[in-house]
Each structure stands twice: as C-alpha cells, then as structure tokens.
Amino acid sequence: QALLVESGGGSVQSGGSLKLSCVASESVFRGYVMAWFRQVQGKEREGVVAIDKDGYTAYAEFAKGRFTVSQDNAKNTLYLQMDSLQPEDTAMYYCATVHAVYARQGLLHREEYNYWGQGTQVTVSS
C-alpha cells in the first residue's frame with residue numbers, strides 16, 4: 001500500500017509563491033510515476049504536472065513557466081514549486097502515484113492513478 005503525505009499548502013496573495021511537498025514511501029518513490037493534481041470543489045480533478053521513472057515531465061498548460069516539479073531521492077520527497085500564483089490556482093492539491101502509465105499522453109489523466117494523498121489546500125487571494 002502506497003503512502004503519500006502532502007504538506008506546504010496555505011494562503012498567499014496574488015503573485016506569491018508556495019512550495020508543496022509530498023513524502024512517499026521508499027518503494028513508491030523509486031519505482032513509480034509521481035504527479036500533482038488539483039481540484040476545486042464541484043469541479044473535476046485536473047493534472048498539474050507528472051514525472052515518470054525516466055525523469056520525463058509533463059506540465060499542464062496553466063502550469064508551464066510558473067510551476068516546477070522536483071524530487072529529492074534521499075528524502076523520498078516530491079516537490080511542487082508554485083510561483084506567480086493567481087486566485088484561479090486556489091484548489092486542493094493532491095499527490096498521486098501509479099506503477100506505470102500506458103503512454104506518456106496519459107501522465108496527466110487522473111484515471112491512470114490509483115494511489116492518492118489526502119491533499120493540501122492552496123488559497124490565493126487577489
């Protein structure tokens with residue numbers, strides 16, 4: 001059973017930054033595809049960024065140029081650096097993982113992932 005624990009959410013003003021963390025169990029972190037998703041209440045969960053076992057990254061269009069994914073293998077931790085935050089970025093952010101996806105085109109599809117963290121709330125005020 002995978003274990004994912006997110007942290008780092010909070011409230012910031014428009015233009016601010018936050019860095020989210022997702023600590024994963026070692027077996028998960030080293031052998032799985034990892035991703036960040038977000039969800040606004042009442043809307044579907046959407047992919048933000050994913051990184052596969054080869055280090056290939058896939059970013060959603062809204063995340064390109066503002067968000068950066070990274071990982072610390074020694075700490076089994078996945079990060080999401082979010083800069084230039086806007087009110088529309090307000091959402092619950094989730095860490096997710098799966099052993100593999102069929103194709104890279106599916107890296108940001110929530111249906112591909114079978115393990116999820118509890119989420120961390122990000123609120124951006126104008």
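Everything quoted here is computed from the prediction, not taken from an experiment.
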Quiz: residues 14-22 side-chain donor-acceptor pairs under 3.5 angstrom, not counting sequence neighbours:
from	atom 1	to	atom 2	distance (Å)
Ser14	OG	Gln86	OE1	3.2
Ser17	OG	Asp83	OD1	2.8

Same cluster (ILVMFWY, side-chain, under 4.5 Å), Met92 and Val124: no

Cation-aromatic face contact Arg38/Phe62, 6.0 Å, 45 degrees: yes

Donor-acceptor check, side chain of [X] to backbone of [Y], threshold 3.5 angstrom: yes or no?
{"X": "Thr97", "Y": "Val33", "result": "yes"}
{"X": "Asp72", "Y": "Ala74", "result": "yes"}
{"X": "Thr123", "Y": "Ser11", "result": "no"}
{"X": "Tyr94", "Y": "Glu6", "result": "no"}
{"X": "Thr90", "Y": "Glu88", "result": "no"}

Testing the basics here: between [X] and [Y], what is the closest heavy-atom pair and its distance to 0.1 Å?
{"X": "Phe37", "Y": "Ala35", "result": "CE1-CB, 3.7 Å"}
{"X": "Lys64", "Y": "Glu61", "result": "NZ-OE2, 2.7 Å"}
{"X": "Arg66", "Y": "Ser84", "result": "NH1-O, 3.0 Å"}

Chi angles and distances behind the side-chain contact (heavy atoms from CB on, under 4.5 Å) call for Ile51, Gln71: CA-CA 9 Å; Ile51 181 167; Gln71 55 190 32; 3.8 Å; yes

Inter-residue atom distance Ser25.OG - Tyr115.OH, 0.5 Å rounding: 9.5 Å

Would you mind reporting whether [Y] and [X] have side-chain heavy atoms less than 4.5 Å apart?
{"X": "Lys75", "Y": "Val23", "value": "no"}
{"X": "Trp116", "Y": "Leu4", "value": "no"}
{"X": "Val48", "Y": "Tyr59", "value": "no"}
{"X": "Cys95", "Y": "Leu78", "value": "yes"}

Test of ring centre spacing under 6.0 Å for Phe67 and Trp36: no

Identify each donor-acceptor pair in which a side-chain atom of residues 99-114 lies under 3.5 Å from a protein atom, sequence neighbours left out, and give them as a table.
from	atom 1	to	atom 2	distance (Å)
Arg104	NE	Asp52	OD2	3.3
His109	NE2	Gln105	O	3.4
Tyr113	OH	Leu107	O	2.5

